[in-house]
Amino acid sequence: MPSPGLQRPRGTADRLPADAPAWDGVLRAFARECRLRNFQPISTPTFETTELFDKGTGATTDIVQREMYTFDDRGGDSLTLRPEGTPSIVRAYQQHGMHVLPQPVKLYYVLPVFRYDRPQAGRLREHHQIGAEALGDPNPAVDAEVIDLLWSTLRALGISDLALHVNSLGDPESRPAYRAALVAFFTPHADKICADCQQRLTQNPLRLLDCKKPPCERVSADAPRSLDYLGDAAREHFDTLRRLLGALDIPCTLDHRLARGLDYYNRTVFEIVPPHGSAQSTVGGGGRYDYLAETLGGPHLPGVGFGSGIERILLNRRRVGLEEAATHVPDVYVAPLADAALTVVTTVAAGLRQAGVATEVGYAAASPRSHLRRANAIGARVALIVGNREVEAGRVTLKPLGGGDQVDVALDDVVSSTQAVLAGRATGGDA
RNA sequence: GUGGGCGUAGCUCAAUUAGGUUAGAGCGUCUGGUUGUGGCCCAGAAGGCUGGGGGUUCAAGUCCCCUCGCUCACCCCA
């Protein structure tokens with residue numbers, strides 16, 4: 001691997017031509033599911049003011065505390081490579097006055113996100129997410145549609161063994177009571193939980209729930225459940241969501257310990273995970289964030305959305321044994337046998353391309369053997385050979401590479417004859 | 001951020017039990033196999049400061065240290 005010279009930065013990946021079909025497949029499936037639900041595409045800058053994430057993502061999150069790529073630009077402004085998509089989308093909603101549009105405003109995006117973390121399988125410092133946000137409507141039917149969008153996309157991609165975990169974190173009014181209950185519950189057990197968790201006890205008690213360490217899990221098994229602290233409205237919201245998920249035939253598991261790592265969630269939180277996944281295997285996750293917009297200094301704006309890692313989706317496609325499509329190859333190869341054929345080759349190729357036929361050319365005169373070897377290696381189905389004989393006669397030799405006799409066609413008929421051969425019809429050329 | 005494994009041509013791997021001459025092969029690439037015809041086959045070539053740096057030794061791809069990178073687990077997330 002590391003040959004001399006420059007290497008890409010740690011935790012980044014090159015996406016090579018061979019990877020394109022799989023990647024495009026994800027984007028196409030996602031765009032289709034979005035279109036079917038009237039989600040519209042949006043894209044926002046790769047970097048934003050640091051303040052957006054400090055306030056939006058939340059100062060107590062790991063993301064903000066130790067994972068952001070933050071730098072001062074030459075003008076002295078603090079900027080940050082986005083570590084997630086949601087705050088940018090809410091910011092764009094506010095900045096463009098999308099409250100004048102029919103609500104909810106439903107947006108989707110595909111974007112690179114950056115987090116400084118130790119790379120491992122399924123975890124990169126730059127990864128890519130598909131995501132969607134529905135802004136301006138608090139109804140649980142919107143939550144259901146957002147979850148359905150991600151679920152359906154993954155199903156369309158052939159990954160059918162994933163599990164949906166859901167929970168409700170309640171609203172700001174009920175949160176203090178629940179938080180206090182957690183603290184009251186865990187404090188007597190403080191000596192039995194890990195050091196991290198002891199810190200969480202004061203910093204962010206909700207996160208005590210999803211610690212995977214056995215001692216902590218033992219303790220938290222009997223911990224108070226957020227559902228028991230929900231207000232009537234939040235309870236009804238969650239019940240309706242689960243009913244609608246049932247109507248959509250989306251099986252979901254109630255996970256009392258699902259808390260998510262972002263500060264802004266209220267009510268609905270969800271995650272989609274593979275059957276035997278570990279912590280870093282989450283394929284996608286999201287939730288409702290009705291108070292994020294206010295946190296950013298705007299008017300009240302309910303919202304719900306998700307993000308899902310494209311690299312992890314692809315990992316799961318491979319895990320379940322799905323084959324990816326082959327890369328595109330040209331249909332035709334045009335081969336000059338002599339310098340005098342170069343002009344003809346160029347114009348023939350241009351004519352084919354105008355007719356929509358993918359065409360590769362030989363860029364220099366060479367022997368038929370070497371040209372045909374190359375044509376074969378490239379995967380072309382038809383070779384068009386132009387040598388001195390053809391140039392003089394104003395014709396080209398058309399050779400089907402899958403077998404069959406080669407024919408000699410007039411320059412004016414090259415496009416139609418080639419298309420006929422590609423379509424599997426008789427060539428019509430005179431031999 | 002914490003711990004473990006690994007690092008030889010573009011790729012997959014070799015390199016004779018405690019180190020020993022010009023580090024090999026297959027695949028791939030390029031060029032040829034007389035006269036204008038591919039796939040198979042044959043031949044040849046290109047391609048490595050053995051990730052990088054330092055150390056031990058008469059001698060290091062092989063041993064030691066550092067560093068970079070990959071990888072696995074933890075953590076966290078997508």
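In the text below, chain A, chain B and the rest are named by the order of the sequence lines, each starting its count at 1. Predicted model, so just to flag it, every value in this text is computed and none were measured.
If you measure from atom CG of L81(A) to atom P of A78(B), you get 17 Å, rounded to the nearest angstrom. Rounded to whole angstrom, the span from the CG atom of N376(A) across to the C1' atom of G38(B) amounts to 5 Å. With rounding to whole Å, H127(A) atom NE2 is found 7 Å from A78(B) atom P. Atom CD of Q120(A) is separated from atom P of A78(B) by 15 Å (rounded to the nearest Å). If you measure from atom CG of D14(A) to atom P of C70(B), you get 12 Å, rounded to the nearest angstrom. To the nearest angstrom, C1' of A78(B) lies 9 Å from CD of E271(A). R125(A) has its CZ atom 18 Å from the P atom of C76(B), to the nearest Å.
Closest to the side chain of D117(A), out of G69(B), A73(B), G1(B), is G1(B). The side chain of L262(A) sits closest to A78(B) out of A78(B), G1(B), C72(B). The side chain of R118(A) lies closest to G3(B), out of G3(B), A78(B), G69(B).
Comparing the P positions of C41(B) and G28(B) gives a spacing of 8 Å, expressed to the nearest Å. The separation of G4(B) from C66(B), taken at their P atoms, amounts to 11 Å, rounded to a whole angstrom. Of the P atoms belonging to U2(B) and C75(B), the separation is 16 Å, rounded to the nearest Å. G54(B) and A59(B) have their P atoms separated by 15 Å, given to the nearest Å. Here the separation of A25(B) from G36(B), taken at their C1' atoms, is 36 Å to the nearest Å. The same atom, C1', is picked in U57(B) and in C74(B); the two are 40 Å apart, to the nearest Å. Rounded to whole Å, the P atom of U50(B) lies 12 Å from the corresponding atom of U8(B). Rounded to whole Å, the C1' atom of G47(B) lies 14 Å from the corresponding atom of C27(B).
There is a side-chain donor-acceptor pair under 3.5 Å between T86(A) and E133(A).
When heavy atoms are screened at a 4.0 angstrom cut-off, G85(A) is found touching no nucleic acid atom at all. V113(A) comes within contact range of no nucleotide atom at all, as no heavy-atom separation falls under 4.0 Å. Nucleic acid contact for I310(A): none, since no nucleic acid atom lies under 4.0 Å from a heavy atom of the residue. The residue E311(A) sits apart from the nucleic acid: no heavy atom pair falls under 4.0 Å.
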Please walk me through it: do T80(A) and E48(A) pass side-chain contact (heavy atoms from CB on, under 4.5 Å)? CA-CA 6 Å; T80(A) 294; E48(A) 296 269 2; over 6 Å; no
I would like to know whether V382(A) and K399(A) meet side-chain contact (heavy atoms from CB on, under 4.5 Å); could you show each step before the answer? CA-CA 6 Å; V382(A) 167; K399(A) 180 182 177 71; over 6 Å; no
Under the side-chain contact (heavy atoms from CB on, under 4.5 Å) criterion, do Y289(A) and L135(A) qualify, and how do the steps go? CA-CA 9 Å; Y289(A) 45 85; L135(A) 302 168; 3.4 Å; yes
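Where R8(A) and G284(A) meet RNA chain B, the nucleotide closest to each residue was compared, and R8(A) sits on the side nearer the 5' end. When the nearest nucleotides of RNA chain B are assigned to G307(A) and L401(A) by heavy-atom distance, the more 5′-ward of the two goes with L401(A).
By the stacking rule of 5.5 Å between ring centres and under 30° between planes, H371(A) does not stack on the base of G38(B).
In RNA chain B, stems built from 3 or more consecutive Watson-Crick or G-U wobble pairs, each with both distances under 3.5 Å, span B:1-7 with B:68-74, B:10-13 with B:24-27, B:29-33 with B:41-45, B:51-55 with B:63-67.
One finds the OG1 atom of T359(A) at 7.5 Å from the CG atom of L384(A) (value rounded to the nearest 0.5 Å). F238(A) contributes atom CZ, which lies 9.0 Å from atom CG of L169(A) (distance to the nearest 0.5 angstrom).
Of all the heavy atoms in P87(A) and L296(A), the pair that sits closest is O-CD1, 4.1 Å. Closest non-hydrogen pair, I147(A) versus L241(A), comes out as CD1-CD1, 4.3 Å.
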List the protein contact pattern of nucleotides 28-37 of chain B with one symbol per nucleotide (5' to 3'): B for base contact, S for sugar-phosphate-only contact, - for none; contact means a heavy-atom distance under 4.0 Å. ----BBS-BB
Considering only distance and modelled atom types, tabulate donor-acceptor pairs under 3.5 Å from the side chains of residues 322-340 of chain A, sequence neighbours left out.
{"from": "E324(A)", "atom 1": "OE1", "to": "R317(A)", "atom 2": "NH2", "distance (Å)": "3.2"}
{"from": "E324(A)", "atom 1": "OE2", "to": "R317(A)", "atom 2": "NE", "distance (Å)": "2.9"}
{"from": "Y333(A)", "atom 1": "OH", "to": "R374(A)", "atom 2": "NE", "distance (Å)": "3.0"}

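Relative ring orientation between F30(A) and Y108(A) is described as perpendicular, the plane-to-plane angle rising above 60° on a 0-90° scale split at 30° and 60°.
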